[in-house]
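In what follows, a structure is listed as structure tokens, so that the remarks can point back to it.
These numbers come from the heavy atoms of this one structure, side chains and all, not from hydrogens, waters or symmetry mates. Predicted model only: the values in this text are computed from it and were never measured.
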There are 2 protein chains.
Amino acid sequence: MKFSAKFEYALVALLYLKCEPDEMPVSGRTLSEKLNLPYRFLEQILSDLKKGGIIRSVRGKQGGYKLSVEPEHISIYDVYQVTEGKFEPWDCTHGESADGCGQSHNLCVINQFYTDFKTTFIDLLKSYTLDRLCNSAKNLKNLSAKVV
Amino acid sequence: MKFSAKFEYALVALLYLKCEPDEMPVSGRTLSEKLNLPYRFLEQILSDLKKGGIIRSVRGKQGGYKLSVEPEHISIYDVYQVTEGKFEPWDCTHGESADGCGQSHNLCVINQFYTDFKTTFIDLLKSYTLDRLCNSAKNLKNLSAKVV
DNA sequence: GATAATTCCGATAGAAACGATATGAATAAT
DNA sequence: ATTATTCATATCGTTTCTATCGGAATTATC
Ligand code: FES
Ligand code: FES
């Protein structure tokens with residue numbers, strides 16, 4: 001029960017894109033160097049983010065990536081889904097035989113628990129947006145500025 | 001981001017124990033057969049549950065396992081912790097170099113997000129108890145009885 | 001048109017986690 | 001003594017995750 005590195009790298013990359021001026025796209029190479037992430041791996045992630053419609057790309061020299069949506073419309077669940085797929089917290093393997101827990105599948109408490117949990121989990125991730133994360137960042141900076 | 005089979009098996013086993021009369025302990029073999037779970041694997045899980053203080057065991061012939069606490073005091077997070085360890089949703093690998101996200105570690109938004117998320121996640125799992133799950137089970141049965 | 005920087009694509013390698021099995025010792029009821 | 005059980009530990013096989021590799025397609029710049 002961990003978030004994958006893919007997910008984390010994607011978040012970090014997106015935050016960087018958000019902080020950059022909107023005109024020039026940022027290349028994968030730059031992202032990789034600035035954020036200290038493995039280049040080829042990051043490429044795959046950027047590809048996923050593109051397929052998911054979160055960023056768009058400019059090919060060829062001087063190309064790179066930019067956000068394709070306003071950051072307030074990018075939820076963390078979007079990022080999750082793109083990097084890790086739909087959230088399915090269980091496989092219910094033993095349930096296929098219909099009496100895994102001594103109950104028929106749709107009467108299974110465990111099944112019900114997972115379903116409940118899934119909903120809450122997704123809603124929670126949806127409640128965070130890229131924008132919200134960035135604002136937290138600003139607050140943190142101001143805070144530390146005052147302290148220092 | 002999935003619950004492990006260990007966790008699921010543990011839940012199923014605990015629910016079975018809860019449903020059994022309190023006098024006779026239930027053997028691992030019985031649990032394995034009734035619940036259709038791999039015997040040796042289940043043994044390991046029962047061992048974990050014991051170490052975690054959730055069940056207690058009776059050794060030797062006629063031995064087995066019983067709950068060691070009232071089911072209303074066994075939270076799903078207890079079970080989670082015993083089977084999967086403490087919930088730590090991230091490793092923050094790239095943060096060790098102090099400028100992973102271009103920010104110092106304690107100013108890192110991602111870090112903050114994970115911390116927030118972790119708290120909510122744990123509280124959510126704590127809000128479910130074994131007892132609550134069992135009651136859901138009863139409700140489901142009554143419901144289906146009425147329908148049928 | 002050549003060159004260099006880039007996205008894009010598919011394959012694969014390496015490592016870690018997970019699920020499960022195997023062997024057998026210790027314990028206790030019968 | 002026998003049998004059923006918990007307990008301890010090692011190991012195996014599979015899958016999933018992380019990362020690397022080689023190269024094709026695209027485009028700005030010279
Ligand atoms: S049917 Fe899957 S947990 Fe019961
Ligand atoms: S330091 Fe770990 S995500 Fe920023």
Side-chain angles (χ1 to χ4, degrees), chain A residues 1-10 12-13 17 23-52 54-66 68 80 82-86 88-94 100, chain B residues 1-10 12-13 17 23-52 54-66 68 80 83-85 87-94:
Chain A
M1 209 73 180
K2 269 188 194 299
F3 287 104
S4 66
K6 260 177 118 164
F7 172 76
E8 182 167 333
Y9 294 172
V12 174
L17 288 183
E23 300 311 323
M24 283 279 289
V26 184
S27 79
R29 180 66 69 185
T30 305
L31 283 169
S32 150
E33 282 166 2
K34 294 275 185 189
L35 302 173
N36 197 28
L37 301 177
Y39 172 56
R40 294 290 194 175
F41 194 29
L42 183 59
E43 263 188 336
Q44 292 176 35
I45 296 167
L46 292 167
S47 161
D48 290 340
L49 287 171
K50 187 189 170 179
K51 278 177 199 156
I54 295 179
I55 60 177
R56 58 203 168 84
S57 63
V58 181
R59 299 190 65 168
K61 198 170 177 177
Q62 304 283 30
Y65 301 91
K66 350 174 26 174
S68 71
Y80 179 89
V82 158
T83 51
E84 308 202 21
K86 268 195 185 309
E88 290 290 350
W90 79 108
D91 292 324
C92 206
T93 40
H94 71 281
Chain B
M1 210 72 180
K2 268 188 194 300
F3 288 104
S4 65
K6 262 176 117 163
F7 172 75
E8 183 167 332
Y9 295 174
V12 175
L17 288 183
E23 299 313 320
M24 285 278 289
V26 184
S27 77
R29 180 65 68 184
T30 305
L31 282 168
S32 150
E33 282 167 1
K34 294 277 186 188
L35 302 172
N36 198 26
L37 301 177
Y39 172 55
R40 296 292 192 179
F41 193 29
L42 182 59
E43 265 189 335
Q44 292 176 35
I45 296 167
L46 292 168
S47 161
D48 289 341
L49 288 172
K50 188 192 170 176
K51 278 177 200 155
I54 295 178
I55 59 178
R56 59 203 168 84
S57 63
V58 181
R59 299 190 66 168
K61 198 169 175 179
Q62 303 283 29
Y65 301 91
K66 355 177 16 177
S68 70
Y80 179 89
T83 52
E84 306 202 22
F87 177 62
E88 290 290 348
W90 78 111
D91 291 325
C92 206
T93 41
H94 71 280

Please give, in whole Å, the distance from C:dA22 C1' to B:Leu42 CG?
16 Å

Compare every heavy atom of B:Ala10 with every heavy atom of B:Thr83, then report the nearest pair and how far apart it is.
CG2-CB, 3.7 Å

Nearest heavy-atom approach of B:Lys2 to A:Glu88 is NZ-O, 2.8 Å

Whole-Å distance separating the NZ atom of B:Lys2 from the C1' atom of C:dA17:
15 Å

Between P of C:dC8 and CZ of A:Arg40, the distance in whole Å:
14 Å

Interatomic distance, B:Ile55 CD1 vs D:dT6 P [rounded to whole Å]:
9 Å

Does B:Gln44 make a side-chain donor-acceptor contact with the base of C:dT21, cut-off 3.5 Å?
yes

Of the nucleotides D:dT18, D:dT27, D:dC7, which one has an atom closest to the side chain of B:Ser57?
D:dC7

Categorize B:Ser47 for me: base, sugar-phosphate, or nothing, with a 4.0 angstrom heavy-atom threshold over every strand shown.
nothing

Nucleotide D:dC7, atom P - distance to CG of B:Leu31 in whole Å:
13 Å

State, with a plain yes or no, whether a side-chain heavy atom of B:Met1 is found less than 4.5 Å away from one of A:Phe7.
no

Need one value for B:Tyr65: base, sugar-phosphate or nothing, where a base atom within 4.0 Å counts as base even if backbone is also close, heavy atoms only.
sugar-phosphate

Nucleotide D:dT18, atom C1' - distance to OH of A:Tyr39 in whole Å:
17 Å

Pick base, sugar-phosphate or nothing for A:Ser27, based on heavy-atom distances below 4.0 Å to the nucleic acid.
sugar-phosphate

Could you state the atom-to-atom distance from CD of B:Glu33 to C1' of D:dT5 in whole Å?
13 Å

Do A:Asp48 and A:Lys6 make a side-chain contact, defined as non-hydrogen atoms from C-beta onward lying under 4.5 Å apart?
yes

Nucleotide nearest A:Lys50 when distance is taken to its side chain, options C:dC8, D:dC7, C:dG19:
C:dC8

What's the closest nucleotide to the A:Arg59 side chain, out of D:dT20, D:dT26, C:dA20?
D:dT26

By nearest-heavy-atom nucleotide on DNA chain D, the more 5' of B:Lys51 and B:Thr30 is B:Thr30

Residue closer to the 5' end of DNA chain C, A:Gly28 versus B:Glu84 (nearest nucleotide)
A:Gly28

State, to 0.1 Å, how close A:Gly63 and A:Pro25 come at their nearest heavy-atom pair, and which atoms those are.
C-CG, 4.0 Å

Where the side chain of B:Gln62 is concerned, which of C:dG19, D:dT6, C:dT30 is the nearest nucleotide?
C:dT30

Looking at the side chain of A:Lys61, which of D:dT18, D:dA19, D:dT29 is the nearest nucleotide?
D:dT29

How close or far is atom C1' of C:dA15 from atom CZ of A:Phe41, stated in whole angstroms?
12 Å

